[in-house]
Number of protein chains: 2
Amino acid sequence: MDRFYAVIPAGGVGTRLWPLSRAAAPKFLHDLTNSGSTLLRATYDRLVPLAGERVVVVTGTAHREAVCRQLPEIKVADLVLESEPKDSAAAIGLAAAILYRRDPDIIMGSFAADQVISPDAAFQDAVREAICTAATGKIVTIGIKPTHPSTGFGYIRTGAALDVPGAPSAHAVVEFVEKPSESVAAEYLASGDYNWNAGMFVAPVALMLKHLEKNQPELFAGLTQIAEAWETDQQEEVAARIWPTLPKTAIDYAVAEPAADAGDVAVIPGTFSWDDVGDFAAIGRLNSAKEVDDVTVVGEGARVFTEGASGVVVTDTKRVIALIGIKDVVIVDTPDALLVTTTAHAQQVKSAVDHLKASGDTDVL
Amino acid sequence: MDRFYAVIPAGGVGTRLWPLSRAAAPKFLHDLTNSGSTLLRATYDRLVPLAGERVVVVTGTAHREAVCRQLPEIKVADLVLESEPKDSAAAIGLAAAILYRRDPDIIMGSFAADQVISPDAAFQDAVREAICTAATGKIVTIGIKPTHPSTGFGYIRTGAALDVPGAPSAHAVVEFVEKPSESVAAEYLASGDYNWNAGMFVAPVALMLKHLEKNQPELFAGLTQIAEAWETDQQEEVAARIWPTLPKTAIDYAVAEPAADAGDVAVIPGTFSWDDVGDFAAIGRLNSAKEVDDVTVVGEGARVFTEGASGVVVTDTKRVIALIGIKDVVIVDTPDALLVTTTAHAQQVKSAVDHLKASGDTDVL
């Protein structure tokens, strides 16, 4: 366990959660579950029992202050700042390269900052099994047992059980498959051979970098250069020069999928509940305990009055919000922007944001 | 025409238009038709060609400043302030008593401050006919030809044509009838004998007061005392002492209905379009020309973005409002309160306000 470092990529605006989540206040800086913690803080707290102080956060320079406010205990050296977004392969790859320079035997685990997981203990058990499995020379993804035939997630096809001490549920991964159609998703669910790909994985940094070098040599070379200058006088100069030139690609394409083809990937099927809070309908589900009549209310100091209404209200204002005779509505109330949609249309929020961007109304994005 | 005085009762919060209309900013102080004028100002302007400067406004003391801002030309003596609301019989009766003291031959016309009428010329023609008819010793109501079997208005049953010079459309009134059921309303519409009661009437002040004295002697006595002190040093003292003691009743019960029973009421069927802007669905209808996709937008500087949405947005903020995939929605956006309902539920807004009142959230009422 001492070889284990947690990496938290804290990127992504969470456009489907606009206007709550936006460039200046992305999803991971919000408390979307009324828990009293932001998603970032909850992710960190969930990892401390496994990693202690060995937690690296990768985020945009614009979020440095907000992240430091959320995680006052983090060391400056463990805060990796991106001057511009370069997708997950660069973000996670840079963390791997930096950790490799510290100790080539490190096992890293990557866990996005904007997901909701419970109970923590079941998650931690799965990560412990993943660490044991990773120590045998595997990239270990933590899958999620599907509860319905979702077309919104990629799937992991599970192979034979592996015989790993300390990891009784470890299995080989046959392949990663893209988001399926509904009928295909139903087949996956019925077969019992598939898990959702939640983008969580645990792996020796050396093995990560080996696959990255093979599949994305240019990216690997750039990240290595930045990592070599890390914690030296040249850190800022080298990062500023090289980072903007790096190719943008997802860690799935750059590492996970080719590694699976090479037989290097295992899976621990997670038994915890997991939600990537993909839209406001998810916020309704995750907070269903706090209802005013049939309306789920998220927001400190919310003043919501309902009559014959159902749906979700998310507010970061103190305004009185009255809902009358409107069903399955989604209302997101912020000081400068208001969204009104339905739970069924929650996924379309992204296109509204694109529309606002195109029309030049970028002050509220 | 020189004997004609217009009286504008500017009372009523317009609870069904909350949170736009509220105690501190009632309906008549809003521009609900994107015309550039508040309803009060538009009412005044519509009457000037008939009454010149002879316009009396009856309103609450709380609205004195706002009314003076809207009507800077009004004389102090023509602004009748109510220290507390006492319903329409007291408000209109006081105006009648004051005007009677000025000249017992005055013909008054009472027109609420919060109605939408067009075209003005057709309204003015009807009022001119009403004045001619009133001069023959009648209380003359201006009816509205029904366009649908409304259950929301009272009706006027029309009798025989009257032979009045200058008033070719004058008819006797058989009776006033209360808001009917839908089937009864349909019968009224089919018969052609009924007009909507829009609460507009023109009458000699002496005749008004005669019926008021007969039906509400206590109210009549109190109003006469206040009127006798009007424009004297005692005005404030007498009004402050007597007004709070006056009975609350509607002018319909105190004057119009008993006068109709006595054969003293006539009707001019109005051919103009008329709307009492009873709820937000009405605001949608009245502003249908200004649409973003299928959404009617009311509010200066509104920033509304829609995708597959329909309904009404009324805003007095500059916030971006995004509507996605929501139909027949009503959104009313103010700095401290937000209402979301549907056009079909627009009439229920009043009960939400009652609910807020009961729960102590009176700061936004």
Side-chain angles (χ1 to χ4, degrees), chain A residues 16 18-19 22 279-280 292-293 295 302-309 311-313 315 317-365, chain B residues 16 18-19 22 279-280 292-293 295 302-309 311-313 315 317-365:
Chain A
R16 284 186 188 83
W18 180 88
R22 53 177 82 186
D279 59 29
F280 286 111
V292 177
D293 297 336
V295 178
R303 298 172 70 189
V304 176
F305 294 85
T306 71
E307 193 171 294
V312 186
V313 174
T315 174
T317 78
K318 305 262 184 265
R319 301 202 304 168
V320 165
I321 301 176
L323 272 59
I324 301 170
I326 191 154
K327 303 289 185 184
D328 299 318
V329 72
V330 171
I331 295 170
V332 186
D333 179 52
T334 74
D336 60 355
L338 168 69
L339 169 72
V340 180
T341 183
T342 68
T343 45
H345 289 82
Q347 286 280 330
Q348 284 182 29
V349 172
K350 190 170 185 303
S351 74
V353 171
D354 294 342
H355 184 91
L356 286 166
K357 203 176 285 178
S359 69
D361 288 83
T362 52
D363 57 316
V364 294
L365 299 181
Chain B
R16 285 186 187 83
W18 180 88
R22 53 178 82 186
D279 60 27
F280 287 110
V292 177
D293 296 337
V295 178
R303 297 172 70 189
V304 175
F305 294 85
T306 71
E307 193 172 295
V312 186
V313 174
T315 174
T317 77
K318 304 262 184 265
R319 301 201 305 166
V320 165
I321 301 177
L323 272 59
I324 301 171
I326 191 155
K327 301 290 185 185
D328 298 319
V329 71
V330 171
I331 295 170
V332 186
D333 180 53
T334 74
D336 60 355
L338 169 69
L339 168 72
V340 181
T341 184
T342 69
T343 45
H345 289 83
Q347 285 281 328
Q348 285 182 28
V349 171
K350 191 171 184 303
S351 74
V353 171
D354 294 342
H355 184 91
L356 286 166
K357 203 175 285 179
S359 69
D361 288 83
T362 52
D363 57 316
V364 294
L365 298 181

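All chains are named by letter (A, B, ...) in the order of the sequence lines, taking the proteins before the strands, and each is independently numbered beginning at 1. Quick caveat: nothing in here was measured; it's all calculated off a predicted structure. Both backbone and side-chain heavy atoms feed into the values below; hydrogens, waters and symmetry mates do not.
Among A:Val329, A:Asp363, A:Thr317, A:Thr306, the residue with the largest count of heavy-atom pairs under 4.5 Å with chain B is A:Asp363. When B:Ala337, B:Ala352, B:Ala344, B:Ser359 are compared by the number of non-hydrogen pairs under 4.5 Å with chain A, B:Ala337 comes out ahead. When the candidates B:Ser351, B:Ala309, B:Ala346, B:Gly308 are compared by the number of heavy-atom contacts under 4.5 Å with chain A, B:Ser351 comes out ahead.
For a residue to count as touching a neighbouring chain, one of its non-hydrogen atoms must lie under 4.5 Å from one of that chain's; by this rule A:Asp336 touches chain B with the backbone only. Only the side chain of A:Glu307 comes within less than 4.5 Å of a heavy atom in chain B; its backbone stays farther off. Contact annotation for A:Pro335: only backbone heavy atoms (N, CA, C, O) come within less than 4.5 Å of a heavy atom of chain B. Residue A:Val349 touches chain B through both its backbone and its side chain, counting heavy-atom pairs closer than 4.5 Å.
Nearest heavy atoms, B:Gly325 versus A:Thr342: O-CG2, 3.6 Å. Of all heavy-atom pairs between B:Ile324 and A:His345, the closest is O-CB, 4.0 Å.
When each of A:Val340, A:Asp328, A:Thr341, A:Ile331 is tested with B:Ile326 by the rule side chain to side chain contact (heavy atoms under 4.5 Å, CB included), just one qualifies, namely A:Val340.
Annotation for A:Lys357: atom NZ does not count as buried by contact number, only 12 or fewer foreign heavy atoms lying within 6.0 Å.
Salt-bridge formation is detected for the pair B:Arg319/A:Asp333: a Lys NZ or Arg NE/NH1/NH2 atom is positioned less than 4.0 Å from an Asp or Glu carboxylate oxygen.
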